[in-house]
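Here the structure comes first, spelled out in structure tokens, and everything after it is commentary.
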Amino acid sequence: MQGKTIGVIGGSGFVGRSLVRDLALAGARVKAGARNAEAAKFLRTMGAVGQVTPMRVDLVDGTGVLDLVQGCDAVINLVGILFPSGANTFSSAHVSGAATAARASAKAGVGRFIQVSALGASAGSASSYARTKAAGEEAVQAEFPGATIVRPSVVFGPDDSFFNRFGAMAAISPVLPVIGGGRSRFQPVYVDDVACAMMNALSTPASAGKTYELGGPEVFDFRELMHLVNAHAKRDRALVSIPAWFASFEAFFLEFLPHPPLTRDQIALLGQDNVVSEGALTLADLGVEGTACEVILPRYLDRFRPGGAYNRSRVTV
Ligand SMILES: NC(=O)c1ccc[n+]([C@@H]2O[C@H](COP(=O)([O-])OP(=O)(O)OC[C@H]3O[C@@H](n4cnc5c(N)ncnc54)[C@H](OP(=O)(O)O)[C@@H]3O)[C@@H](O)[C@H]2O)c1
């Protein structure tokens with residue numbers, strides 16, 4: 001990666017931060033795009049002086065896209081949203097925005113393009129998130145033939161929104177919700193493994209034009225994931241089953257909040273399996289051995305234990 005210039009759109013996000021760090025460590029110059037370039041300035045500390053440049057990029061209105069892709073050897077598009085907000089609709093962020101990034105990259109002569117989609121992306125999904133992720137994949141492939149698509153399952157790591165959300169809930173609520181029976185299956189994948197898979201894809205020309213499904217080494221249903229939260233937060237919260245229709249009714253009102261903790265679309269997403277499909281190319285095909293949840297979760301869910309992370313019984317020294 002030494003001497004290469006890599007554009008990372010969505011570089012300030014949860015997955016983007018791991019990728020920018022890995023690229024900088026590998027010696028690449030990184031142009032990191034996000035709408036809020038000020039808030040992305042912390043990315044500079046991930047490399048030597050001048051190695052990482054945060055840039056204002058908005059895939060929806062096109063701001064800064066040409067500047068970012070110009071001179072890049074590769075571009076990775078990480079932009080994704082869980083709920084619409086302002087001009088960021090599912091369609092504008094996942095479909096037309098992705099197409100804009102791919103088209104600009106192709107025009108600028110960028111060598112490689114990686115589109116970060118999601119497991120479960122499908123035109124037939126009940127979730128708009130998943131349907132637009134599928135349409136985004138198609139749009140990118142049309143604009144940049146040879147683009148690599150990666151589809152992660154639920155991504156976990158110290159700053160994730162999934163385990164942290166339920167950990168925080170376990171800390172204050174007497175119960176943890178299980179929507180619609182909680183039998184949908186997930187294959188959580190570690191954020192650093194996702195970043196490593198993309199690094200390896202960039203240095204593997206044969207990965208061009210291929211789609212990879214990124215899941216961790218274990219499959220859990222939603223109930224089992226809530227048991228993991230209870231175990232690592234050292235709580236014993238009851239799992240309470242909530243029918244999907246009732247959760248959707250609640251979510252309807254939550255959607256009026258600026259950052260809704262749950263939306264009807266997320267409920268639809270949680271209702272479908274989120275595991276690597278039979279015969280798909282996986283993490284292993286990109287040379288990555290998946291890290292188990294049990295290794296990483298104790299490192300950050302301990303903050304939700306009674307008394308906090310440092311409330312351990314006294315050790316005699
Ligand atoms: N996290 C998961 O569990 C998970 C699972 C499966 C798939 N994925 C996919 O992985 C990708 C990265 O996820 P993440 O969790 O890292 O997301 P994230 O933390 O929400 O980060 C999103 C990034 O995109 C930027 N962004 C948002 N709208 C933009 C726009 N219109 N133009 C340019 N930049 C924009 C954000 O910065 P600004 O707000 O400053 O613009 C931020 O840097 C997404 O495509 C997501 O769908 C994530």
Side-chain angles (χ1 to χ4, degrees), residues 7-21 30-43 54-65 67-69 75-101 104 114-121 125 127-137 140 149-166 186-195 197-198 212-216 225 258-259 265-266 269-270 272 274-276 293:
V8 184
I9 309 177
S12 60
F14 167 49
V15 180
R17 295 192 288 273
S18 283
L19 180 62
V20 170
R21 182 207 54 209
V30 185
K31 294 166 96 175
R35 290 167 304 170
N36 191 340
E38 270 305 301
K41 273 187 175 166
F42 71 94
L43 292 171
M55 300 176 68
R56 175 161 152 62
V57 169
D58 188 337
L59 284 191
V60 170
D61 65 14
T63 305
V65 180
D67 278 350
L68 183 128
V69 301
V75 169
I76 298 103
N77 176 28
L78 286 142
V79 173
I81 56 169
L82 278 174
F83 53 87
S85 163
N88 256 1
T89 63
F90 282 125
S91 170
S92 65
H94 293 167
V95 191
S96 50
T100 299
I114 298 181
Q115 168 69 8
V116 181
S117 183
L119 263 193
S125 171
S127 144
S128 304
Y129 172 87
R131 283 197 305 277
T132 51
K133 279 290 191 185
E137 292 182 5
V140 163
I149 312 282
V150 296
R151 297 171 158 185
S153 182
V154 172
V155 184
F156 67 92
D159 304 326
D160 68 37
S161 53
F162 186 87
F163 285 105
N164 279 303
R165 177 174 311 183
F166 289 104
F186 300 85
Q187 202 170 344
V189 58
Y190 182 38
V191 63
D192 286 359
D193 292 339
V194 175
M198 290 192 274
Y212 294 85
E213 297 199 349
L214 309 182
L225 291 177
H259 293 281
D265 200 69
Q266 282 168 301
L269 204 56
L270 288 174
Q272 63 192 46
N274 201 262
V275 294
V276 170
C293 282

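This structure is a prediction, so every number in the text was calculated from the model and none was measured. Atoms within a ligand are numbered from 1 in the order they appear, just like the ligands themselves.
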Polar atom proximity, Ala118 to ligand 1 (N or O, under 3.5 Å): no

Ser153: numbered ligand 1 atoms lying under 4.0 Å from its heavy atoms: 5 (C), 6 (C)

Does the N or O separation between Tyr129 and ligand 1 drop below 3.5 Å for any pair? yes

Under a 4.0 Å threshold between the charged nitrogen and the carboxylate oxygen, would Asp192 count as salt-bridged to Arg21? yes

Close N or O approach (Val79, ligand 1; < 3.5 Å): yes

So for ligand 1, is Ala34 a polar contact partner (N or O within less than 3.5 Å, distance only)? no

Look at ligand 1 and say whether Lys133 reaches it with a heavy atom at a distance under 4.0 Å. yes

Pick from Asn36, Leu78, Val116, Ile76: the one approaching atom 44 (C) of ligand 1 most closely through a non-hydrogen atom: Leu78

List the closest protein heavy-atom neighbour of atom 28 (N) of ligand 1: residue, atom name, distance to the nearest 0.1 Å. Asn88 ND2, 2.9 Å

Arg35, any N or O under 3.5 Å of ligand 1 N or O: yes

Holding to ring pair (Phe, Tyr, Trp, His ring centres under 6.0 Å), I want the full list of residues that pass it with Phe162, two or more places apart in sequence or in another chain. Phe166

So do Val116 and Val15 actually touch side chain to side chain, heavy atoms under 4.5 Å? no

Looking at Val15, Leu59, Val8, the heavy atom closest to atom 14 (P) of ligand 1 belongs to Val15

Sub-4.0 Å heavy-atom approach of Ser117 to ligand 1: yes

Only heavy atoms count here, so choose which of Pro188, Ala130, Gly80 is nearest to atom 20 (O) of ligand 1. Gly80

Below 4.5 Å, heavy atoms only, C-beta onward: do Phe163 and Leu225 meet side chain to side chain? yes

With a 4.0 Å cut-off, strictly under, does atom 17 (O) of ligand 1 pick up any protein heavy atom? no

Ligand 1 N/O within reach of Val154 N/O, cut-off under 3.5 Å: no

contact_flag Pro152 ligand 1 heavy-atom lt 4.0 Å: yes

Could you find the nearest protein heavy atom to atom 36 (C) of ligand 1 and give me its residue, atom name and distance? Ser12 OG, 4.2 Å

I'd like to check the side chain to side chain donor-acceptor pair (under 3.5 Å) partners of Asp265; sequence neighbours left out, ordered by chain and number. Ser127, Ser128

Run the salt-bridge test on Arg151 and Glu137 with the 4.0 Å N-O cut-off and return the result as yes or no. yes

